[in-house]
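Worksheet: one structure, shown below.
The model shown is predicted, which means the values in this text are computed figures rather than measured ones. Just so you know, residue 1 is the first one in the sequence shown, and it goes up from there.
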Amino acid sequence: MDLTPDADTATLFAAIEAGGGEDVRLGYGQDEAWQRLAHRLTMLLTESAPLHRFLY
């Protein structure tokens with residue numbers, strides 16, 4: 001697992017840039033990208049051990 005840029009990060013960066021420094025409200029596709037990115041980060045931090053993700 002790693003956090004190399006992919007389509008999800010591009011989607012989220014585009015949403016942040018479009019927000020122009022204001023609060024960003026994610027649409028359905030952007031929210032799904034956020035969920036996938038959060039899952040990738042959790043798996044990276046827990047060394048891909050499925051049960052460890054519930055300890056954080």
Side-chain angles (χ1 to χ4, degrees):
M1 298 298 297
D2 60 29
L3 292 178
T4 56
D6 63 359
D8 289 337
T9 54
T11 298
L12 295 170
F13 277 124
I16 291 169
E17 290 174 352
E22 298 293 321
D23 290 342
V24 176
R25 292 184 182 96
L26 301 178
Y28 290 112
Q30 296 163 330
D31 184 60
E32 290 172 358
W34 169 250
Q35 293 296 325
R36 287 188 296 270
L37 184 64
H39 176 73
R40 286 173 56 201
L41 180 61
T42 301
M43 294 306 286
L44 180 68
L45 293 174
T46 61
E47 300 173 347
S48 298
L51 293 178
H52 289 177
R53 67 185 297 182
F54 299 105
L55 298 175
Y56 296 99

Search all heavy atoms of [X] against all heavy atoms of [Y] and return the closest pair with its distance.
X	Y	result
Gln30	Arg25	OE1-O, 3.9 Å
Leu26	Asp31	CB-N, 4.0 Å
Val24	Gly19	CG2-CA, 4.4 Å

**Request:** Establish whether Leu41 and Ile16 are linked, either directly or via other cluster members, by ILVMFWY side-chain heavy-atom contacts under 4.5 Å.
**Result:** no

**Item:** Residue pairs involving residues 9-24 (criterion salt bridge (Lys or Arg N to Asp or Glu O under 4.0 Å); sequence neighbours excluded)
**Value:** none

**Prompt:** Could you give the distance from NE2 (His39) to CZ (Arg36), rounded to the nearest 0.5 Å?
**Reply:**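 That separation rounds to 11.0 Å.
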
**Asked** Considering residues at least two apart in sequence or located in another chain, which fulfil the salt bridge (charged side-chain N to carboxylate O under 4.0 Å, His left out) criterion with Asp6?
**Response**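 For Asp6 the salt bridge (charged side-chain N to carboxylate O under 4.0 Å, His left out) partners, ignoring immediate neighbours, are Arg40.
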
